[in-house]
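Below you'll find the structure I mean.
As the structure is a prediction and not an experimental result, all values here were calculated from the model. Below, chain A is the first sequence line, B the second, and so on; all start at residue 1.
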Amino acid sequence: DTAVSQTPKYLVTQMGNDKSIKCEQNLGHDTMYWYKQDSKKFLKIMFSYNNKELIINETVPNRFSPKSPDKAHLNLHINSLELGDSAVYFCASSQAPGQGKETQYFGPGTRLLVL
Amino acid sequence: GDSVVQTEGQVLPSEGDSLIVNCSYETTQYPSLFWYVQYPGEGPQLHLKAMKANDKGRNKGFEAMYRKETTSFHLEKDSVQESDSAVYFCALREGGGNKLTFGTGTQLKVEL
């Protein structure tokens, strides 16, 4: 049983296009995240939602818009894709903070290549 | 803001060698500290953690001690194996929040 799943696994697209990445977790967690990992393996948080409410929004261009239809799903929509958006995007989930079980569980990643 | 600095680039020990991967952190709050491991083609996964000063995280022969006086959380192992080859990330979580700040990652390649 996959705990955190993402689709698609690979995404190759042209500059200027709009694309979405979907994430689902079956761990019963309240909090979900999007991370970006660049070509040098640097991992940086982009967004976090707790029970469908946005709680972390790092300095990410407005072209990136997360959406959480329910606490088990967190999708990422990217408008007007640019070459610099090429990266691996990871979804993660955890319990809400303060419960002592905040280990973050990562999905397998979506490899985005913008041509 | 919070920051984590760890051994950069690649570490290339031979199988059976001892290992230390350095990690130092900076934060204004009392953090929890983590090492995550990432195997090729996969997402990071928790390797070990320490929640407070003088705690020691342990997993698969690896250890890391939470040292508040030196703001460090170095990853150590007495004898590495080829199967330990992966990218290792040191990370902190500030106070009662849920935001993880990662170091730049250290690629461990154990040679036979």
Practice prompt. Among B/Pro44, B/Gly105, B/Gly41, single out the residue with the greatest number of heavy-atom pairs under 4.5 Å to chain A.
Written response: B/Pro44

Practice prompt. Measure distances from A/Ile45 to the heavy atoms of chain B and classify the residue's part below 4.5 Å as side chain, backbone, both or neither.
Written response: side chain

Discussion item. Is B/Gln38 close to chain A through its backbone or its side chain, or both, or neither, when contacts mean heavy atoms under 4.5 Å?
Written reply: side chain

Discussion item. Between A/Lys44 and chain B, with a heavy-atom cut-off of 4.5 Å, which part of the residue counts as in contact: side chain, backbone, both or neither?
Written reply: neither

Worksheet item: Is A/Asp70 atom CG crowded by more than 12 heavy atoms from other residues, nucleotides or ligands, each under 6.0 Å away?
Response: yes

Discussion item. Tell me which of these, A/Glu58, A/Gln6, A/Lys9, A/Lys40, has more heavy-atom pairs under 4.5 Å with chain B than the rest.
Written reply: A/Glu58

Discussion item. Could you measure the distance from the OG1 atom of A/Thr103 to the CD atom of B/Gln45? Nearest 0.5 Å is fine.
Written reply: 12.0 Å

Discussion item. Are A/Val60 and A/Trp34 linked, directly or through intermediate hydrophobic residues, by side-chain heavy-atom contacts shorter than 4.5 Å (ILVMFWY only)?
Written reply: yes

Worksheet, complete the sentence: The interface call for B/Phe34 against chain A, heavy-atom contacts under 4.5 Å, is neither

Worksheet entry | Member of A/Tyr35, A/Phe90, A/Phe42 meeting the ring pair (Phe, Tyr, Trp, His ring centres under 6.0 Å) criterion with B/Phe102 | A/Tyr35

Practice prompt. Find out if a path of hydrophobic residues (ILVMFWY) with successive side-chain heavy-atom gaps under 4.5 Å connects A/Leu74 to A/Ile78.
Written response: yes

Practice prompt. Decide whether A/Tyr10 and A/Val88 are clustered together by the hydrophobic rule: side chain heavy atoms of Ile, Leu, Val, Met, Phe, Trp, Tyr closer than 4.5 Å, transitively.
Written response: no

Worksheet item: In terms of heavy-atom proximity below 4.5 Å to chain B, should A/Gln104 be classed as side chain, backbone, both, or neither?
Response: both

Fill in: Residues, nucleotides or ligands: over 12 heavy atoms within 6.0 Å of B/Arg67 CZ
no

Worksheet item: Would a hydrophobic clustering, with Ile, Leu, Val, Met, Phe, Trp and Tyr connected at side-chain separations under 4.5 Å, put B/Val11 with B/Tyr39?
Response: yes

Worksheet item: Rounded to the nearest 0.5 Å, how far apart are OG of A/Ser94 and CG of B/Leu46?
Response: 11.5 Å

Fill in: Shared hydrophobic cluster, B/Phe73 / B/Leu108 (ILVMFWY, side-chain heavy atoms < 4.5 Å)
yes

